[in-house]
Amino acid sequence: MQALVKTGPEVGDLELKDWPEPTPAPDEVKHQVAAAGICGTDIHIIKGEWPCRPPVVLGHEFCGTVVEVGPQVRHFHPGDRVAASNPAQTCGECYHCRAGNPFMCLHRVSAGYMIDGAFAEYICIREERCHPLPDNVSFRRAALGEPLSVAVHAAIERTTVHGGDVVLVSGPGAVGLLAMLVTKLEGARVIVAGIAKDRARLALAKELGADLVVDNSKDDLLGIVRSLTQGEGADLVYECSGVANSLDLCWEAVRREGTLAQVGIYPSRIETDLNKVVMKELTLVGSFGYVWSSWRRSIQLLREGRVNAEALISHVVPLTQFEQAFRITQDGTARKVIFNIRMP
């Protein structure tokens, strides 16, 4: 089969090549991949900023059709339309696995950088990670199920949004935009902030319902937040960019006794002023990935059409155009790029 492979640890060690077609283990479902999205983590991987185990097939945001199942699989059959979540493998026995949070498993193995992922014609994933798709949810929309689940986990499960809250989302990538949509459903007033290269994404945020959008490269974000909140600051802040300067702004923008949720992942260690947590008596929340309930809620939102996730997609390209796809993802030209691997 064709697959996009990270062949080595260096920048540029990326190749579209013939790759062995996987065979499902007894508890695995084999998917024929329909669509797979480029994530910020994929960019970190190709730049050597995220640990991976080359040679390995990239990609972890995907949906497709079941073509084969292992003998222990009970709930899925060939022909079923599905999406699937990471981690691909966990121990199933530790505290975190038993509590239902596989991302915290000490023995977690994730598809797309530790074992083969979804930028390929086929992928095998454990049955417990698979989610059936309603008939009215297209593969194009379902390709956003993974980042939507990240946003749902951050905005509904890890934090609490009250009607009338002022929310700041810093970083208008896919997760940031989806967090904006989810918090709007909860009744919040939402400010979305970015930088000059995010111009198209900020415009989309406004189109999708953001109350205010702010270009930090020319606008006074802190002044705008304080003006909207009578000088108090935002009730909740979601740092979704994974950029140190953004976090510094977030410390200032959140009100005293407010909540700051760190959702973006930094490519390396950063310096920041943690005294803000003490001096402002902040609630600091980390949100990493999702749990089963995040996916249940996300698929329900997609089924009911309450979140226009598909609007984030700006480019749908074949795997053969991977170099262009990664370039436009990094330079801000694109909003969300999806690989059409076998999408009707």
Side-chain angles (χ1 to χ4, degrees), residues 29 31 35-42 44-45 50 59-64 82-92 94-115 117-118 123 125-134 137 141-161 169 171 173-183 185-186 236 238-242 259 261-265 285-304 306-307 309 312 336 338:
V29 174
H31 306 248
I38 294 178
C39 172
T41 303
D42 297 317
H44 288 313
I45 292 167
W50 188 265
H60 59 273
E61 301 179 2
F62 76 98
C63 55
V82 292
S85 60
N86 250 329
Q89 298 173 7
T90 52
C91 72
C94 69
Y95 172 90
H96 306 287
C97 285
R98 291 177 182 271
N101 192 345
F103 270 94
M104 295 297 106
C105 175
L106 295 174
H107 306 286
R108 169 176 61 92
V109 175
S110 292
Y113 51 95
M114 300 173 83
I115 61 173
I123 183 174
I125 294 289
R126 283 183 176 175
E127 178 183 27
E128 66 197 50
R129 302 285 180 256
C130 298
H131 308 275
L133 293 176
V137 176
R141 272 190 287 162
L144 274 295
E146 205 266 0
L148 178 57
S149 297
V150 173
V152 164
H153 187 54
I156 295 179
E157 296 171 337
R158 294 291 291 151
T159 59
T160 301
V161 182
V169 175
V175 170
L177 291 171
L178 291 166
M180 180 272 290
L181 290 172
V182 172
T183 54
L185 289 176
E186 300 297 306
L236 290 107
Y238 297 94
E239 202 298 292
C240 298
S241 71
T259 297
Q262 183 61 48
V263 186
I265 297 175
V285 175
S287 186
F288 182 48
Y290 36 72
V291 293
W292 179 84
S293 58
S294 319
W295 271 89
R296 181 181 181 183
R297 290 184 168 109
S298 296
I299 291 174
Q300 185 76 355
L301 290 172
L302 293 174
R303 186 186 70 81
E304 295 174 354
R306 299 180 66 203
V307 169
L312 274 64
K336 183 72 174 180
I338 302 296

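We use all heavy atoms of the structure for the numbers below, so side chains are in, but hydrogens, waters and symmetry mates are not.
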Nearest non-hydrogen partners of [X] and [Y], listed with the distance:
{"X": "Ile299", "Y": "Pro134", "value": "CG2-CD, 3.5 Å"}
{"X": "Ile123", "Y": "Ala118", "value": "CD1-N, 3.8 Å"}
{"X": "His60", "Y": "Thr41", "value": "CE1-CB, 4.0 Å"}
{"X": "Ala111", "Y": "Asn86", "value": "N-OD1, 2.9 Å"}
{"X": "Lys336", "Y": "Gly37", "value": "CE-CA, 4.5 Å"}
{"X": "Cys91", "Y": "Cys105", "value": "N-SG, 3.4 Å"}

What's the spacing between [X] [atom1] and [Y] [atom2] if we round to 0.5 Å?
{"X": "Cys39", "Y": "Ile265", "atom1": "SG", "atom2": "CD1", "value": "8.0 Å"}
{"X": "Thr159", "Y": "Leu236", "atom1": "OG1", "atom2": "CG", "value": "5.5 Å"}
{"X": "Leu312", "Y": "Leu181", "atom1": "CG", "atom2": "CG", "value": "7.0 Å"}
{"X": "Cys63", "Y": "His31", "atom1": "SG", "atom2": "NE2", "value": "10.5 Å"}
{"X": "Ile156", "Y": "Leu301", "atom1": "CD1", "atom2": "CG", "value": "6.5 Å"}
{"X": "Trp295", "Y": "Cys130", "atom1": "CH2", "atom2": "SG", "value": "10.0 Å"}

Do the side chain of [X] and the main chain of [Y] share a donor and acceptor less than 3.5 angstrom apart?
{"X": "Arg108", "Y": "Pro102", "result": "no"}
{"X": "Arg303", "Y": "Val137", "result": "no"}
{"X": "Tyr290", "Y": "Ala151", "result": "no"}
{"X": "Arg141", "Y": "Leu302", "result": "yes"}
{"X": "Ser110", "Y": "Pro87", "result": "no"}
{"X": "Asn101", "Y": "His96", "result": "no"}

Please identify which of these residues, Arg297, Arg296, Glu304, meets the side chain to side chain donor-acceptor pair (under 3.5 Å) condition with Gln300.
Glu304
Run through Ser85, Ser294, Ser298 and flag the one making a side chain to side chain donor-acceptor pair (under 3.5 Å) with Ser149.
Ser298
Using a 4.5 Å cut-off on heavy atoms from C-beta on, say whether the side chain of [Y] contacts that of [X].
{"X": "Arg126", "Y": "Thr90", "result": "yes"}
{"X": "His107", "Y": "Cys94", "result": "no"}
{"X": "Cys240", "Y": "Val169", "result": "yes"}
{"X": "Val82", "Y": "Ile125", "result": "no"}
{"X": "Phe62", "Y": "Glu146", "result": "no"}
{"X": "Val29", "Y": "Arg129", "result": "no"}
{"X": "Val182", "Y": "Leu148", "result": "yes"}

Judged by modelled atom types alone, do Ser287 and Tyr238 share a side-chain donor-acceptor pair under 3.5 Å?
no
Let me see the working for Val152 and Leu178 under side chain to side chain contact (heavy atoms under 4.5 Å, CB included), right down to the final yes or no.
CA-CA 8 Å; Val152 164; Leu178 291 166; over 6 Å; no
I need the single residue from Val291, Val175, Val263 that forms a side-chain contact (heavy atoms from CB on, under 4.5 Å) with His153. Which is it?
Val291
